[in-house]
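Just so it is clear, the model here is predicted, and its values are computed rather than measured. The basis for the numbers below is simple: all heavy atoms, side chains too, and nothing from hydrogens, waters or symmetry mates. Residue numbering restarts at 1 for every chain, and letters A, B, ... go by the order of the sequence lines.
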Amino acid sequence: MPDRREELEKAGRREIEKLQLDRLRSSLGRAARSPFYRELFASNSFRPGDLVSLSDLGRLPFTVKQDLRDSYPDRMLACPPREVVRMHSSSGTTGTATVVYHTAGDIDRWTGLVVRCLVMAGATADDVFQNMMGYGFFTGGLGLHYGAERLGMMVIPAGGGNTHRQIELFRDFGTTVIHVTPSYALHVSDVFREMGLGPEDFKIKKIIFGAEPYSEGTRSKLEEAYRAQAFNCYGLSEMNGPGVAFECRRSEGMHVWEDSYIVEIIDPASGEALPAGETGEVVFTTLTREAMPLIRYRTRDLAKIYPETACPCGRNFTRISRITGRSDDMLIVKGINLFPSQIEHVLMKTPGVGTNYLIVLDRFENLDRLTVRVEIAPGAFHGDAEEMRRLQALIKHSLREEIMVQAEVELLEPGALPPSQGKAKRVLDKRDV
Amino acid sequence: MPHQISVFVENKPGKLDRVTGIIAAAGINIRSVTISDSGGFGVVKLVVDKPAAAGRVLREKGLAAAEQEVVAVRIPDRPGSLHRVLELLARHSVNIRDASGFVVDRGEEAVVIVQVDDPAAVSTLLKREGIELISDRDLYFL
């Protein structure tokens with residue numbers, strides 16, 4: 001439905017807000033079918049029908065990640081189970097996963113949003129799209145895959161890793177658009193340079209970056225390394241995945257698809273709304289999702305809204321800045337979200353591990369490197385190096401199981417790390433991407 | 001049975017001399033030392049004149065130290081005498097986890113210390129084969 005899409009994209013603010021209000025009413029009505037929101041509305045004496053203006057949304061409390069964990073597996077499901085066609089899940093800090101459900105309609109609309117993003121980047125059916133993001137529970141791979149296919153591009157579902165093969169695919173199939181994390185893109189460019197190749201050997205014209213924050217400096221470096229234009233893509237699995245907001249060719253902020261999401265920026269401490277231009281926590285409300293509507297969901301991502309809405313690209317959708325940080329301690333390592341508490345959980349259940357540890361993040365050959373430096377317990381050593389190597393291997397293995405990221409493990413003498421005074425500093429992030 | 005002290009140390013400047021510093025301050029004499037590196041960390045093994053005291057002071061200072069039983073033998077300081085011991089152990093399929101040695105009297109006698117899984121059985125074996133075992137007391141006061 002290209003006509004409908006173009007019409008929507010040219011919509012003025014008033015039109016957008018009218019559509020939002022209509023959709024918010026029905027979204028709240030749908031949400032009320034889930035046990036979680038039914039109870040939440042009741043305890044706040046809120047009836048979806050009471051909603052008169054968009055600002056009434058502020059009467060409802062925020063939904064937070066913990067609510068998703070507490071609702072595991074299906075207390076947020078708002079449709080009959082037989083209508084669900086897919087679920088995506090992420091593991092939580094304490095092992096309680098969060099789940100997001102999709103109906104066929106949800107997948108269809110999500111795909112539609114991704115198509116819009118790709119069109120905004122100038123991609124067409126003539127393009128060859130190499131999807132270098134992970135498939136599976138991680139929404140980055142599947143989300144873009146569906147959109148790229150619907151647009152008619154030839155999709156190469158390469159997934160992440162296997163760098164030499166990726167470069168071979170660039171060449172053999174004339175890849176023109178890639179979807180990749182900035183850190184992996186840096187690594188791939190290092191490898192093709194080592195192979196004596198340069199951007200002139202490829203046809204890549206556009207790069208879609210997602211899944212991790214990076215700097216403007218790195219963007220310029222990557223645009224030069226690939227001689228291609230970069231586009232930032234924002235999303236999170238709670239809001240489907242990639243394609244919540246996307247950059248137009250102006251390269252200044254990402255347009256939020258406000259016909260599908262309401263965006264708010266709040267002060268993470270007080271929860272009060274912040275005016276445009278001020279950086280705060282991004283909060284989203286889904287407007288069209290059937291299987292699992294989320295109301296005022298706190299993303300913990302920090303960004304700001306650009307005050308001026310009319311964009312030279314012709315769109316009036318609100319633009320948000322790149323993500324500048326987190327309001328919690330979540331780390332993004334190789335595109336994977338993880339919390340220090342997950343690492344602590346693994347360490348503290350491993351016999352032989354002391355009480356003090358430090359998580360060090362740096363970059364090695366342009367890839368994220370995660371090192372866990374951990375003190376051994378005073379009684380853990382019985383005289384042999386072999387025993388320590390086994391402990392090291394055990395920690396490494398358990399971490400991999402828990403956080404899905406390969407970590408280096410350094411064993412330290414008991415008391416090697418400075419004793420914690422008050423809140424211990426557990427993370428040393430030396431990355432500069 | 002003689003003991004050696006085994007200490008877990010990070011493979012970093014200043015870590016090893018902390019161990020020897022603690023030993024020195026306690027007035028303990030080191031007979032031999034071996035250091036093995038295992039990628040990021042190392043294990044220091046010491047034969048000292050007061051193993052129990054050494055283990056205690058190191059642990060008091062927060063280090064991960066453990067006493068281990070070892071087998072110590074006296075051999076002539078001559079070509080082939082170490083080989084004789086090792087060949088004997090190999091013939092009996094004894095796996096040597098670690099070994100060190102030092103000369104006591106040049107041209108006269110040397111000491112070999114081996115760490116094995118079953119020190120008591122290995123001691124019996126060596127004794128039977130006519131190898132001279134050294135008691136802990138003799139070892140520490142050589």
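Shortest non-hydrogen contact noted between Val43(B) and Gly383(A) is CG1-O, 3.9 Å. The heavy-atom pair separating Phe381(A) from Phe8(B) by the smallest distance is CE2-N, 3.5 Å.
Between Glu413(A) and Arg18(B) there is a salt bridge, since at least one side-chain N of the basic residue sits less than 4.0 Å from a carboxylate O of the acidic one.
More than 12 heavy atoms of other residues, nucleotides or ligands lie within 6.0 Å of CZ in Arg389(A), so this atom counts as buried by the packing criterion. At most 12 heavy atoms of other shown residues, nucleotides or ligands fall within 6.0 angstrom of atom NE2 in His397(A). Other residues, nucleotides and ligands contribute over 12 non-hydrogen atoms within 6.0 Å of the CZ atom of Arg91(B). By the neighbour-count criterion of 12 heavy atoms within 6.0 Å, atom NZ of Lys349(A) is densely surrounded, having more than that number from other residues, nucleotides or ligands. At most 12 non-hydrogen atoms from other residues, nucleotides or ligands lie less than 6.0 angstrom from CD of Glu224(A).
Both the backbone and the side chain of Pro414(A) come within less than 4.5 Å of a heavy atom in chain B. Looking at Gln68(B), only its side chain comes within 4.5 Å of chain A, counting heavy atoms on both sides. In this structure, chain A has a heavy atom under 4.5 Å from the side chain of Phe41(B), while its backbone stays farther away. Only the side chain of Gln392(A) comes within contact range of chain B, with heavy atoms under 4.5 Å apart. Looking at Leu411(A), both its backbone and its side chain come within 4.5 Å of chain B, counting heavy atoms on both sides.
Options Ser38(B), Ala65(B), Ser36(B) differ in how many heavy-atom pairs under 4.5 Å they form with chain A, and the most are formed by Ser38(B). Across Asn11(B), Leu63(B), Val9(B), the residue that shares the most heavy-atom pairs under 4.5 angstrom with chain A is Val9(B). Of the listed residues Glu386(A), His382(A), Glu410(A), the one with more heavy-atom pairs under 4.5 angstrom with chain B than any other is His382(A). Comparing Gln4(B), Arg59(B), Lys15(B) by how many heavy-atom pairs each has under 4.5 Å with chain A, the most go to Lys15(B).
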